[in-house]
Number of protein chains: 2
Amino acid sequence: MDTRTCVDRIYAVGPKVDPVPRLAWCPGLRDQKLRAEVMRSARTYRAGETITSEGGNTAPLLFILDGWVASWKMLWDGRRQIIDVALPLDVLTPLSACGKRAWCGLDALTISVVAAPSMPLVSLEVPAPLLSQGLGPSIAAARARQAERILRIGQGSAYERVGYVLLELFVRLSAIGRANGNRFRVSMTQQRIGEYIGLSSVHVCRVLSRLCADGIISHRDEEIEVLELDALAEIADVNLGHFRERILPAATN
Amino acid sequence: MDTRTCVDRIYAVGPKVDPVPRLAWCPGLRDQKLRAEVMRSARTYRAGETITSEGGNTAPLLFILDGWVASWKMLWDGRRQIIDVALPLDVLTPLSACGKRAWCGLDALTISVVAAPSMPLVSLEVPAPLLSQGLGPSIAAARARQAERILRIGQGSAYERVGYVLLELFVRLSAIGRANGNRFRVSMTQQRIGEYIGLSSVHVCRVLSRLCADGIISHRDEEIEVLELDALAEIADVNLGHFRERILPAATN
DNA sequence: CGTAGCTTTGACCGGCTTCAAGCTATGTGG
DNA sequence: CCACATAGCTTGAAGCCGGTCAAAGCTACG
């Protein structure tokens, strides 16, 4: 499958963002030749396709050039929790402490383009004092999102959780030019949304209905329109200004 | 307050572990003089004392030399979620993406000794290709624990959650020589355990009773004895071998 | 000895899950 | 072009898990 045409096809659909210059966000990717090398290692995955299975082999760094990618873990009986959803221009570090295996499974939620450069990055000596800079903007943002989500899953009601996850996705998509004003596309089934925030798909459906009935949002299929952003932020218990600063890679602001 | 005497006093209580050589686990701390510098910046906190408040100033790296430290986030109405519990020899990176403020609050759950070296570590150029090594063993382990916990909080029953958290603490304490055979001390109130796994303190109490009634554990106050480790691992849905590899800093194994 | 904080136990109830059935949209093969 | 299958969404009914409220025991400590 020709990667170039796939990239082009995807980019023709949504608002255009050229990933190459924006990859400059990534730690150690200020060098343009390196960025080109990353692009060259890109591969396209179909929606639903497995990128890595838990405990399997993986590259240390994955760059999401386009699409939605879910990282998840599973209990023996099949109950599944989505740990995080990576959006275009996010960076994933699926390597576990032992250095060989992935600590999570990775699924493409939509058709996705993922770069997994192995050779060039191993030789990449991270020059900056990475730790004191907070682990690189993209990884720090992922951690902040994770903490916010743990807080809602652990303490929030279903209404608050769904409100939160919609707001999180809206803010992140807006930042990368993939929202259309107050509208955006949630490229997840209600089943998957439930796995993301610890609810059954049936209850996700009910809560979405209630959010519509309350005039906070409206939706047709996966297309969401935020009608009352402030009200949504209040439900999610989010201060929008601080929230953006924390869950977005710094360079996005 | 004289740090040395506090350290000594604590170390006189539990099984002894000299933190200085084991700090060699930490990324960039192989140099003995640096380690001594870290020790010199240590400060003692009383149980319940705030180390950092959410959004406050913080050092980029905190070394837990002794004690239990909870990192937490809160909703506006006071509901609190403990994001992670750091034990002796763990490393915390509370700095958020913006690089100035802490993304979480930090409380000492017990009397604790925490080193927060600011000067020497800023000048520390991380030499190894840190990313490809998985972010340093301690931080990678913290992330793995977090993923495991999200899975249980999102998908597990109360019984599974409590079983999991007891097992997690038991495994981690054993690794640093702070368990006594099958016995260990949970230095958290049931209220705090609940905040850690998203349950009310009342229900934590009930589940603990049930674990005792089922012969899995026994406990007096905060002193827990694991009677049936395999059964506990089954409840927690954990493969002990893999689990240890993943949630412990690599050098511990 | 009294107070404060934590644990334990009981009673009640409501939020969420589960099960089930019907609906819609999309795709497939005759 | 229609019959049929599949996947996801929606809605209802029933039941249980876990939260909340309340009161009583237990320890530690001043």
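Atom set for the values below is all heavy atoms of this structure, side chains included, hydrogens, waters and symmetry mates excluded. Per chain, numbering begins at 1; letters A, B, ... match sequence-line order.
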Tyr45(A): what forms a ring-ring contact (aromatic ring centres under 6.0 Å, His included) with it, not counting sequence neighbours? none

When you check the side-chain N and O atoms of Arg143(B) and Thr93(A), is any donor under 3.5 Å from an acceptor? yes

Can you sort out the partners of Tyr164(A) under ring-ring contact (aromatic ring centres under 6.0 Å, His included), two or more places apart, ordered by chain and number? Phe243(A)

In terms of side-chain geometry, is the basic nitrogen of Glu160(A) or Arg152(A) positioned less than 4.0 Å from the acidic oxygen of its partner? no

Only one of Arg185(A), Arg192(A), Arg183(A) passes salt bridge (Lys or Arg N to Asp or Glu O under 4.0 Å) with Glu222(A); say which it is. Arg185(A)

Can you give me the closest heavy-atom contact between Ile217(B) and Val226(B), atom names plus distance? CG2-CA, 4.4 Å

Tell me the bend of the helix from dC1(C)-dG30(D) to dG30(C)-dC1(D) as the angle between end helix axes, each from five pairs, rounded to the nearest 10 degrees. 30°

Tell me whether Arg101(A) at atom CZ has more than 12 heavy atoms from other residues, nucleotides or ligands lying less than 6.0 Å away. no

Let me know, please, whether Tyr159(A) or Asp221(A) comes out on the 5' side of the other along DNA chain C by nearest nucleotide. Tyr159(A)

Need two values: the first and the last nucleotide of DNA chain C, 5' to 3', having an atom under 4.0 Å from any heavy-atom of chain A. dC16(C) to dC19(C)

Contact check, residues 192-219 of chain B vs DNA chain C, heavy-atom distance under 4.0 Å, returns Val202(B), Cys205(B), Arg206(B), Ser209(B), His219(B)

Contact summary for Asp66(B) and Pro88(B), nearest pair of heavy atoms: OD1-CG, 3.7 Å

Can you tell me if Gln146(A) has over 12 outside heavy atoms packed within less than 6.0 Å of its CD? yes

Smallest heavy-atom separation, Ser157(A) atom then Arg79(B) atom, equals N-NH1, 4.3 Å

Would you say the side-chain atoms of Thr110(A) pair up with the backbone N or O of Gly67(A), donor to acceptor, closer than 3.5 Å? no

Does anyone know the first and last nucleotide of DNA chain D in reach of chain B, 5' to 3', at under 4.0 angstrom to a heavy atom? dG18(D) to dC21(D)

Any sub-3.5 Å donor-acceptor pair from Gln81(A)'s side-chain atoms to Met74(A)'s backbone N or O? no

